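The structure appears right after this line, and notes come after that.
Remember, it's a predicted structure, so these values are computed and weren't measured experimentally.
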Protein chains: 2
Amino acid sequence: MVLEAPTPRRRAIEDAASALFRRNGYPATSIRDIASALAIRGPSLYAHVTSKEDVLWAIVDRAASRFEAAAEAAEWTTPSDSAARIAALVRAHVDVVTADPGDASVFVAEWRHLSADRRAGILARRDAYEARFRGAIAEGMASGTFAMTDPSVAATFLLSALNGIATWYRPDGHLGRDRIADYFADLATRSLTEAAR
Amino acid sequence: MVLEAPTPRRRAIEDAASALFRRNGYPATSIRDIASALAIRGPSLYAHVTSKEDVLWAIVDRAASRFEAAAEAAEWTTPSDSAARIAALVRAHVDVVTADPGDASVFVAEWRHLSADRRAGILARRDAYEARFRGAIAEGMASGTFAMTDPSVAATFLLSALNGIATWYRPDGHLGRDRIADYFADLATRSLTEAAR
DNA sequence: CCTACCGATCGGTAGG
DNA sequence: CCTACCGATCGGTAGG
């Protein structure tokens with residue numbers, strides 16, 4: 001819902017903060033750390049941001065928006081069976097995480113440091129996002145495609161596994177983004193499907 | 001390897017710190033916060049601990065030891081097929097996490113705030129632990145029990161899902177410990193097994 | 001974008 | 001286990 005386009009400088013600040021928050025966490029990252037990454041002094045940051053939490057919020061908000069948009073697109077273009085729907089949701093999630101592991105890490109690990117209002121807002125969006133997974137799982141169970149399980153447990157199982165990627169993925173690693181998406185889509189769909197024999 | 005039995009007071013400090021580190025993270029938890037949970041003043045803590053990081057280390061170390069012991073026991077008592085081995089490892093992990101979600105959370109999320117030496121030590125133990133999962137997965141692939149995948153990716157997939165439990169599990173929730181273990185063992189073994197049809 | 005500086009809080013010590 | 005206190009660092013402001 002926050003749609004103002006940030007200035008290039010503001011973007012650079014958020015990107016530097018995102019990488020630092022990912023590595024050291026929000027509380028252990030100081031305003032001076034962020035400024036130092038941009039080769040300026042701490043107080044100079046306040047010409048572009050109003051508070052440290054404001055930077056955290058910008059990162060979390062844009063990450064949430066990306067997850068929402070990707071899932072929306074995935075479900076739009078894949079209205080077929082439940083297994084394909086889950087696979088598409090998984091692929092979309094992997095794409096967003098690997099496209100910006102910094103933002104994804106901050107989104108999953110640092111939202112608790114937001115103010116109470118913003119935290120509640122993010123939790124609600126998070127729940128709505130998870131509901132897509134729960135829905136696809138429940139649908140697959142009802143149609144007999146998926147094994148019996150608790151849709152909420154299974155959705156959390158998958159999303160925890162998916163969010164874990166944010167902590168270990170390195171763009172220069174030996175495993176490419178689409179290869180990860182392949183493996184995860186397979187693991188995820190199999191985890192819901194009755195085993196052979 | 002740190003085997004001295006802690007005094008009751010020391011245990012109480014670690015337990016209080018574990019809960020606070022879980023909720024707010026290590027850097028955002030002050031020595032005075034921990035002391036306050038025990039109804040004493042900050043400096044009084046130093047009669048029992050030598051530093052804040054020392055408390056973090058005690059929690060991380062004991063959590064690691066519990067994971068190691070549980071996995072060791074699981075593999076000892078389950079030498080049968082790969083699926084049973086994975087299921088036993090998953091159940092053992094769920095047991096340790098749900099027995100003390102505070103310690104488990106700190107173990108998975110706060111180890112990066114340890115000193116470089118201790119961090120390296122924990123990473124090595126973590127890798128040895130993950131190797132049990134990788135081994136069981138590779139063994140199952142070789143014997144034709146499991147579908148083809150990357151054992152390292154699959155192990156990380158499972159362990160991320162398992163560690164996620166530490167962040168959402170509540171002892172007073174509607175889902176019991178063994179029920180969670182049941183669901184997770186099923187999801188995990190299915191994720192590695194070729195689907196029916 | 002800078003220097004100078006603020007009140008608050010941090011981990012930890014001295015000395016009972 | 002306490003009070004009193006330390007130097008360092010924090011987020012942020014004033015005033016260019």
### Watson-Crick and G-U pairing of DNA chain D, under 3.5 Å, as dot-bracket with | and [ ]
||||||||||||||||
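For A/R41 and C/dA4, the CZ to P distance is 10 Å, given to the nearest whole Å. In this structure, the CG atom of A/L38 is 11 Å from the P atom of C/dC2, given to the nearest Å. For B/H48 and D/dC2, the NE2 to C1' distance is 13 Å, given to the nearest whole Å.
Looking at every heavy atom in both residues, B/F157 comes nearest to A/A161 through O-CB, 3.4 Å. Of all the heavy atoms in B/R85 and B/R132, the pair that sits closest is NH2-O, 4.0 Å.
By the 4.0 Å N-to-carboxylate-O rule, B/D95 lies too far from B/R66 to be salt-bridged with it. Using a cut-off of 4.0 Å between Lys/Arg side-chain N and Asp/Glu carboxylate O, B/R22 and B/D100 are scored as not salt-bridged. Classification of A/D33 and A/K52 as a salt-bridged pair fails, no side-chain N sitting under 4.0 Å from a carboxylate O. Ion pairing between a basic and an acidic side chain is recognised when a charged N comes within 4.0 Å of a carboxylate O; B/R125 and B/D61 show such pairing.
Within residues 15-24 of chain A, no residue approaches DNA chain C, by heavy-atom distance under 4.0 Å.
Shown here are the ring-ring contact (aromatic ring centres under 6.0 Å, His included) partners of B/Y129, two or more places apart in sequence or in another chain: B/F67, B/H93, B/F133. Partners of A/R190 according to the salt bridge (charged side-chain N to carboxylate O under 4.0 Å, His left out) rule, which considers only residues two or more places apart in sequence or in another chain, do not exist here. Not counting sequence neighbours, B/H48 has no partner by the ring-ring contact (aromatic ring centres under 6.0 Å, His included) test.
A donor and an acceptor atom, one from each side chain of B/S18 and B/D103, are located under 3.5 Å apart.
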### Task
Produce a footprint string for nucleotides 11-16 of chain D: one letter per nucleotide, 5' end first; B if the base is under 4.0 Å from any protein heavy atom, S if only the sugar-phosphate is, - if neither.
BBB---
